[in-house]
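Everything on this sheet refers to the single structure shown next.
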Amino acid sequence: MIFWPAAALAFGTTAVAITRANPVHALLWFVVSLIAMALVFFALGAAFAAALEVIVYAGAIVVLFLFVVMMLSLDRAASSREKIWMSRPVWIIPAIFVVLLGAGIAWAVFAQTHLPPMPGRAVPPAEVGLRLFSTDLAAVELASLLLLAGLVGAFHLGREPR
Amino acid sequence: MIPWTAPAALSLGLFLLGLLGLLARRSLVFVLMSIEIMLNAAGLLFIAAGMRWGSADGQIMFILVLNLAGAELALGLILLLRLRGRLTTLDGDSATLLRDAP
């Protein structure tokens with residue numbers, strides 16, 4: 001049963017990642033968290049999603065993130081400023097709100113809904129591909145439009161102003 | 001198979017961690033990273049629901065969420081780079097006004 005260790009690893013490394021002062025260290029912890037998430041997807045029978053998680057998230061998105069963080073040329077002064085911003089009192093009020101929200105959602109979802117138990121089924125990648133390129137073709141086109149808009153927007157914003 | 005509540009609880013936990021990071025951190029790099037964590041948690045919930053109902057829709061929605069995360073991150077990072085050139089710091093609080101600080 002690979003699910004529980006992978007879930008614990010994903011949760012723990014994410015908690016470490018959001019509390020680092022150094023962005024590069026945080027991103028490396030985030031990579032570990034994403035690979036653990038890929039294991040979770042694999043345990044849920046979604047092997048294609050697990051592969052996508054490693055290739056797209058850990059391989060492309062976080063690497064893009066790392067490039068930008070290195071282009072920002074953060075120094076020791078930035079790191080120590082970061083430590084001051086992360087002092088303990090800063091976390092108290094957000095933590096209270098998050099715990100309240102989490103308790104509310106957990107109560108609403110896990111205590112109030114009564115879904116009958118169902119065995120569950122691993123969905124093979126072939127089925128996903130067939131659905132994606134037959135009945136859900138419009139969603140693929142919309143996704144490509146979204147990526148095109150992102151590309152044009154990034155190109156426009158990234159140009160040096162004249 | 002694992003009952004659907006286990007991945008749903010993990011998804012809730014990861015979403016709340018991302019929200020905590022979003023609220024508590026001031027550095028814009030961490031704000032973007034927290035948004036990615038929250039989007040990833042939403043994707044996990046789609047996968048868990050797809051497993052519970054044995055439907056391909058969950059994984060299709062996950063692919064679309066992945067797309068959204070990629071497009072959002074490209075724009076967010078480029079804005080971050082431009083902001084860094086203008087403000088010389090990554091403090092989100094120094095960019096609350098829509099014009100240059102006096």
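Within every chain, numbering begins at 1; the chains are lettered A, B, ... in the order of the sequence lines, protein sequences first and strands thereafter. Bear in mind the structure is a predicted one, so any value in this text is a computation, not a measurement.
- Taking A:Val128, A:Leu142, A:Leu130 one by one and counting their heavy-atom pairs under 4.5 Å with chain B, the maximum is reached by A:Val128.
- Interface remark: of the candidates A:Gly150, A:Ala149, A:Ala49, A:Ala49 forms the most heavy-atom pairs closer than 4.5 Å to chain B.
- When the candidates B:Thr5, B:Asn40, B:Ile37 are compared by the number of heavy-atom contacts under 4.5 Å with chain A, B:Asn40 comes out ahead.
- For A:Phe30, the part lying near chain B is the side chain, with the backbone staying farther off; criterion is any non-hydrogen pair under 4.5 Å.
- Atom CG in B:Leu17 sits 4.0 Å away from atom CZ in A:Phe11 (nearest 0.5 Å).
- Under the 4.5 Å side-chain heavy-atom criterion for Ile, Leu, Val, Met, Phe, Trp and Tyr, B:Leu73 and A:Leu147 are members of distinct hydrophobic clusters.
- Side-chain contact check for A:Leu52 versus B:Gln59: every heavy-atom pair is 4.5 Å or farther apart.
- Contacts of B:Leu44 with chain A are made by both backbone and side-chain atoms, with heavy-atom separations under 4.5 Å.
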Problem set entry | Derivation of the side chain to side chain contact (heavy atoms under 4.5 Å, CB included) call for A:Ile18 and B:Phe30 | CA-CA 7 Å; A:Ile18 62 162; B:Phe30 284 93; 5.6 Å; no
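- Residues A:Met37 and B:Leu14 have side chains in contact (heavy-atom distance under 4.5 Å, counting atoms from C-beta outward).
- Using a 4.5 Å cut-off between heavy atoms, B:Trp4 contacts chain A through its side chain alone, with no backbone atom that close.
- Top candidate by heavy-atom pairs under 4.5 Å with chain A, chosen from B:Arg82, B:Glu36, B:Arg25, is B:Arg25.
- The line from CD1 of A:Ile2 to CD1 of B:Ile2 is 10.0 Å long, rounded to the nearest 0.5 Å.
- Among A:Ala8, A:Pro124, A:Gly45, A:Ala26, the residue making the largest number of heavy-atom pairs under 4.5 Å with chain B is A:Ala26.
- Residue contact with chain B, scored on non-hydrogen atoms closer than 4.5 Å, involves the backbone of A:Thr19 exclusively.
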Exercise. Given B:Phe15 and A:Ile105, is the side chain to side chain contact (heavy atoms under 4.5 Å, CB included) satisfied, shown in steps?
Worked result: CA-CA 11 Å; B:Phe15 185 86; A:Ile105 294 176; 5.6 Å; no
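- Among the candidates B:Gly76, B:Ser55, B:Ala74, B:Gly50, the residue making the largest number of heavy-atom pairs closer than 4.5 Å to chain A is B:Ser55.
- In terms of heavy-atom pairs under 4.5 Å with chain B, the best-connected choice from A:Leu146, A:Leu151, A:Ile93, A:Ile92 is A:Leu146.
- Between chain A and the residues B:Leu23, B:Ile60, B:Leu10, the most heavy-atom pairs under 4.5 angstrom are made by B:Ile60.
- No more than 12 heavy atoms of other residues, nucleotides or ligands shown are found within 6.0 angstrom of CZ on A:Phe155.
- Proximity to chain B involves both the backbone and the side chain of A:Phe65, based on heavy atoms less than 4.5 angstrom apart.
- For the set A:Phe97, A:Trp91, A:Trp4, A:Phe48, the entry with the most heavy-atom pairs within less than 4.5 Å of chain B is A:Trp91.
- With rounding to the nearest 0.5 angstrom, the NE2 atom of A:His156 is 11.5 Å from the CD1 atom of B:Ile78.
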For this session: Decide yes or no on side chain to side chain contact (heavy atoms under 4.5 Å, CB included) for A:Tyr57 and B:Leu39, but give the supporting numbers first.
Result: CA-CA 11 Å; A:Tyr57 252 109; B:Leu39 278 174; 4.0 Å; yes
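- Neither the backbone nor the side chain of A:Ala126 comes within contact range of chain B; no heavy atom of the residue lies under 4.5 Å from a heavy atom of that chain.
- With chain A as the partner, the residue from B:Leu79, B:Leu12, B:Leu66, B:Asp57 showing the most heavy-atom pairs under 4.5 Å is B:Leu66.
- B:Arg52 touches chain A through backbone and side chain together, each having a heavy atom under 4.5 Å away.
- Here CD1 of A:Ile61 is found 8.5 Å from CD of B:Glu72. Values are rounded to the nearest 0.5 Å.
- With a 4.5 Å cut-off on non-hydrogen atoms, A:Ala17 touches chain B through its backbone and its side chain both.
- Between chain A and the options B:Gly18, B:Pro3, B:Ala9, heavy-atom pairs under 4.5 Å are most frequent for B:Ala9.
- Two residues are said to be in side-chain contact when any heavy atoms from C-beta on lie closer than 4.5 Å; B:Leu19 and A:Leu101 meet this criterion.
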For this session: Quick one: do A:Val40 and B:Ile47 satisfy side chain to side chain contact (heavy atoms under 4.5 Å, CB included)? Show the steps, please.
Result: CA-CA 10 Å; A:Val40 168; B:Ile47 299 250; over 6 Å; no
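- Contact check for A:Leu72 versus B:Leu80: side-chain heavy atoms found under the 4.5 Å cut-off.
- Both the backbone and the side chain of A:Ala43 come within less than 4.5 Å of a heavy atom in chain B.
- A distance of 9.5 Å separates CE of B:Met61 from CG of A:Asp136, quoted to the nearest 0.5 Å.
- A pairwise comparison of heavy atoms in B:Leu75 and A:Gly153 identifies CD2-C, 3.5 Å as the closest pair.
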